[in-house]
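Presented below is the structure to which this report refers.
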Protein chains: 2
Amino acid sequence: MGSPSGFLGIWMERGRHLVRIGKRESLIRAADSLFHRQGLEHTSLADIASAASVPLGNVYYYFKTRGDLVKAVSENRLAGLRARREEWGAIASPRERLLAWVENFETYTDECTAHGCRIGGFCQEANKQGGAIADEAASVLRSTLDWIFDQFRAMGYGERQAREHAGRMLSARQGSILLSNTFKDPEYIRLETARLLKWLGELPADKKEKKK
Amino acid sequence: MGSPSGFLGIWMERGRHLVRIGKRESLIRAADSLFHRQGLEHTSLADIASAASVPLGNVYYYFKTRGDLVKAVSENRLAGLRARREEWGAIASPRERLLAWVENFETYTDECTAHGCRIGGFCQEANKQGGAIADEAASVLRSTLDWIFDQFRAMGYGERQAREHAGRMLSARQGSILLSNTFKDPEYIRLETARLLKWLGELPADKKEKKK
DNA sequence: GTCTATACCGAGATAGAC
DNA sequence: GTCTATCTCGGTATAGAC
């Protein structure tokens with residue numbers, strides 16, 4: 001919030017210290033947040049510059065075009081996801097990693113109800129304009145899908161079954177966020193989260209055990 | 001495609017005849033299609049006017065503002081959904097009505113893979129700008145949710161259970177469309193459709209039978 | 001590296017002739 | 001009712017001083 005020198009948007013809490021972060025990073029953060037809250041189209045460079053306390057003209061020193069900034073936001077999100085999964089790598093079993101993922105939904109319930117899914121909403125918007133931005137956005141969702149897939153593989157499921165399970169989970173997650181966001185009611189997310197936890201808990205460890 | 005008089009966008013197939021439709025309706029149709037394909041934001045009045053073969057300035061004779069046109073598109077969709085459900089009213093059992101709904105997904109698979117869900121995508125975009133448009137969009141999705149809910153009620157489920165089931169179905173549907181659209185792969189929709197059909201088929205008729 | 005001023009363009013909206 | 005010309009504004013992007 002406040003900052004030692006009086007300049008906004010260039011300081012950030014890291015642990016218990018306020019550290020200086022570059023303007024480039026400031027702009028990416030501001031853009032990320034505004035894209036999520038207002039949408040890709042509804043956010044002007046002026047909005048972003050103002051939120052990051054950077055003069056409009058200066059934005060172009062860091063990003064040649066608006067598209068470059070969008071791309072940077074996308075890459076930044078991808079990096080964030082990878083970092084989080086890196087941490088989850090410490091969890092011993094793949095099922096527990098998936099459970100950790102789903103349990104973590106709770107944290108985002110209000111945010112998702114208010115503004116939708118950062119990743120899914122981004123894809124949705126990007127799909128409309130197509131081109132490079134759509135591919136960028138898709139790659140972020142793809143990385144999530146792949147990670148889920150990998151967990152099912154590690155649980156012993158074959159390619160096909162793991163793909164189906166991963167699609168089902170991500171699909172349910174995204175759909176429930178859309179409903180909660182549209183109707184401004186977190187219940188859809190909560191019910192889906194509970195369903196997924198139950199389903200994951202009952203799922204046999206590998207397909208040998210499965211034998212339907 | 002072609003039209004007797006050479007004017008585009010004012011003629012339409014109805015049964016086996018070409019009938020004259022008003023410019024107002026032409027504009028709504030063109031807008032509906034463009035909003036779906038290009039998104040709400042990416043579509044200018046000039047695009048719409050051009051697609052409907054109506055001069056730009058003339059649009060304002062039919063709609064005072066852009067928002068009014070958006071609203072008209074939304075209302076038109078709602079009317080279309082109601083009409084379709086009217087037809088399905090002829091189907092005797094609620095379970096069969098739900099099955100008819102899901103079986104009908106097939107028809108839209110390619111369209112959804114290419115451009116997402118007309119209704120869900122509209123909500124997603126509208127949610128970002130908020131205000132009256134968001135409410136308009138939400139009401140279209142709401143009417144679908146309510147219809148599904150009614151079918152479960154007619155099957156004998158209580159309020160709470162019917163609400164859960166309806167949320168689950170719509171959520172799965174919307175999520176699967178998002179994945180298919182993002183990854184340009186109809187498989188997510190197809191798998192979800194199959195899952196829903198199976199689930200509906202196995203679902204007990206009412207909660208007295210259910211007794212888990 | 002930073003910032004101000006401004007060029008330029010596309011979009012919504014209006015005026016007014018026909 | 002229909003259409004052309006045009007106004008105005010907001011947005012991306014650039015020029016160029018400091």
Side-chain angles (χ1 to χ4, degrees), chain A residues 3 5-11 20-32 34-35 37-74 125-126 128-133 136, chain B residues 3 5-11 20-32 34-35 37-74 125-126 128-133 136:
Chain A
S3 63
S5 72
F7 293 119
L8 290 172
I10 317 200
W11 297 86
R20 190 176 192 113
I21 61 176
K23 294 198 176 176
R24 191 188 146 89
E25 202 179 336
S26 275
L27 286 166
I28 292 176
R29 281 166 197 280
D32 188 309
L34 286 167
F35 288 161
R37 286 179 297 160
Q38 311 183 343
L40 206 52
E41 321 287 337
H42 258 66
T43 303
S44 68
L45 289 178
D47 292 338
I48 297 166
S50 151
S53 300
V54 169
L56 174 58
N58 205 353
V59 171
Y60 289 89
Y61 176 75
Y62 298 99
F63 304 97
K64 260 214 303 291
T65 70
R66 184 183 201 276
D68 284 356
L69 174 51
V70 173
K71 193 176 163 186
V73 167
S74 185
E125 290 188 89
K128 295 299 185 189
Q129 33 191 130
I133 296 175
E136 280 288 330
Chain B
S3 63
S5 71
F7 294 119
L8 290 171
I10 317 199
W11 298 86
R20 189 173 194 116
I21 61 175
K23 294 198 176 178
R24 190 189 147 88
E25 202 178 338
S26 276
L27 286 166
I28 292 176
R29 281 165 197 281
D32 187 309
L34 286 168
F35 287 161
R37 286 178 297 158
Q38 312 183 345
L40 205 53
E41 320 287 334
H42 257 68
T43 303
S44 68
L45 288 178
D47 291 340
I48 297 166
S50 152
S53 301
V54 169
L56 175 57
N58 205 353
V59 171
Y60 289 89
Y61 177 75
Y62 298 99
F63 305 96
K64 260 212 303 290
T65 70
R66 185 185 200 274
D68 284 356
L69 174 50
V70 173
K71 192 175 164 187
V73 168
S74 185
E125 292 188 87
K128 295 299 184 188
Q129 34 192 128
I133 297 178
E136 279 287 331

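In what follows, every chain begins at residue 1, and chains take the letters A, B, ... in the order their sequences are listed. Keep in mind that the numbers below use all heavy atoms, side chains included, and drop hydrogens, waters and symmetry copies. Computed from a prediction, not measured in an experiment: that's the story for all the values here.
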Could you encode protein contacts along nucleotides 8-13 of chain D as a string, one character per nucleotide from 5' to 3', using B for base contact, S for sugar-phosphate-only contact and - for no contact, with a heavy-atom cut-off of under 4.0 Å? ---SBB
Rounded to the nearest 0.5 Å, how far does CG of A:Leu34 lie from NE2 of A:His42? 12.5 Å
Please report, rounded to the nearest Å, how far the C1' atom of C:dA11 is from the CD atom of B:Gln38. 14 Å
Can you measure from OG1 (B:Thr65) to NZ (B:Lys71) and round to the nearest 0.5 angstrom? 9.5 Å
My understanding is that only residues two or more places apart in sequence, or in another chain, count here; which of them pass side-chain hydrogen bond (donor to acceptor under 3.5 Å, both in side chains) with A:Arg37? A:Ser33
How many angstroms lie between CD in A:Gln129 and CD in B:Glu41, if you round to the nearest 0.5 Å? 10.0 Å
What is the distance, to the nearest angstrom, from the CG atom on B:Leu27 to the P atom on C:dG12? 13 Å
Whole-Å distance separating the CD atom of B:Glu41 from the C1' atom of C:dG10: 15 Å
Quick check for you: to the nearest 0.5 Å, what is the distance between A:Ser74 atom OG and A:Asp32 atom CG? 9.5 Å
What's the CG-C1' distance between B:Asn58 and C:dA17, to the nearest Å? 14 Å
When we call it a touch if two heavy atoms are under 4.0 Å apart, what does A:Tyr62 touch: a base, just sugar-phosphate, or nothing? sugar-phosphate
For B:Tyr61 and C:dA15, what is the distance between atoms OH and C1' respectively, to the nearest whole Å? 17 Å
Inter-residue atom distance A:Arg24.CZ - A:Ile28.CD1, 0.5 Å rounding: 4.5 Å
